[in-house]
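One structure is given here, and the rest of the page talks about it.
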2 protein chains.
Amino acid sequence: MAEMTKEEYKEFLLEGTKTAKLATVREDGRPHVVPIWFVLDGDNLLFTTSEPSVKAKNMKRDPRVSLSVDDQTPPYSFVTIEGTVSFSKDPEELLYWATRIGGRYMGEDKAEAFGERNASEEEILVRITPTKVIAHKNVTAW
Amino acid sequence: MAEMTKEEYKEFLLEGTKTAKLATVREDGRPHVVPIWFVLDGDNLLFTTSEPSVKAKNMKRDPRVSLSVDDQTPPYSFVTIEGTVSFSKDPEELLYWATRIGGRYMGEDKAEAFGERNASEEEILVRITPTKVIAHKNVTAW
């Protein structure tokens, strides 16, 4: 196992269509985790979600989140990010990032369609500011 | 998007070397999420972890967990499992499951080596009993 440099883990996060698994905490204290599509803006992670979703409600109650992004094939690598979130409902900003995210995960030819779909009125843009990053590559090389 | 049947999601969970992202809650209320290797025993998920790990401490404080297993390529599919955990330190049981898990993720030729590594004295076997399963396939087919 070896640590990734900052350059390496940013490349790892952006490579292909890796999803992040976003963990939040429910009102009754139970953990909640779901896959999300994201892109980077500098060091921040950006994603969209619908405002009535469980994860959005959880993040509004407590902005502290944890994310896991991994390569689930040997020799296995993973990045764990802890951070705090802030929200935006600005329609232009939301459409801009939703379109970039759609392009990453569905291809440039479908970016606009997915961008519009994920920038609808009930959607919000979530920005994660990392407070701690753990990034390991070749976990099973020992 | 379509729901998976129970047969489908069990096959999905066991296919290839998909990891589960296990979410737990820290003492200060922050979420924690990390990839784990697992196998199924009937409906239960089994994995090993070291007793001093953050996730083990979190689960001993609160046995309620959430897991996400996903195919991170189009058209995207995911299974979310909520459940509660119980622990075993029985050396035979631990070695048996650690070896099966090693075989799944590293190949049968390395199963024994990884089994022994993950059944050492500070390791514990964790059994997750699901209380709720959400399983969706072809998320982007709309």
Flag yes if B/Ile124 and B/Leu95 sit in one hydrophobic cluster, no otherwise; membership is Ile, Leu, Val, Met, Phe, Trp, Tyr, and two members link when side-chain heavy atoms are under 4.5 Å apart. no
Identify which part of B/Asp70 has an atom lying under 4.5 Å from any heavy atom of chain A, answering side chain, backbone, both or neither. both
Need one label for B/Thr80: side chain, backbone, both or neither, based on atoms under 4.5 Å from any heavy atom in chain A. side chain
Does B/Val33 belong to the same Ile/Leu/Val/Met/Phe/Trp/Tyr cluster as A/Val85, with side-chain heavy atoms less than 4.5 Å apart forming each link? no
Among B/Gln72, B/His32, B/Glu82, B/Lys21, which has the most heavy-atom pairs under 4.5 Å with chain A? B/Gln72
Can you find a heavy atom in the side chain of A/Phe114 that is under 4.5 Å from one in the side chain of B/Thr140? yes
Using the rule that Ile, Leu, Val, Met, Phe, Trp and Tyr join whenever any side-chain heavy atoms are under 4.5 Å apart, tell me whether A/Val34 and B/Val69 fall into a single cluster. no
Report, as yes or no, whether the 6.0 Å neighbourhood of atom CD on A/Glu112 holds more than 12 heavy atoms from other residues, nucleotides or ligands. no
Which atoms of B/Leu67 come close to chain A, meaning under 4.5 Å heavy atom to heavy atom: side chain ones, backbone ones, both, or neither? backbone
Scanning both residues in full, the closest heavy-atom pair of A/Gly29 with B/Val25 reads O-CG2, 3.5 Å
Where is the tightest heavy-atom contact between A/Pro31 and B/Ser66, given as atom of each residue plus distance? O-CB, 3.3 Å
Contact origin within B/Tyr105 toward chain A - heavy atom pairs under 4.5 Å: both
Shared hydrophobic cluster for A/Met59 and A/Val39 (ILVMFWY, side-chain gaps under 4.5 Å): yes
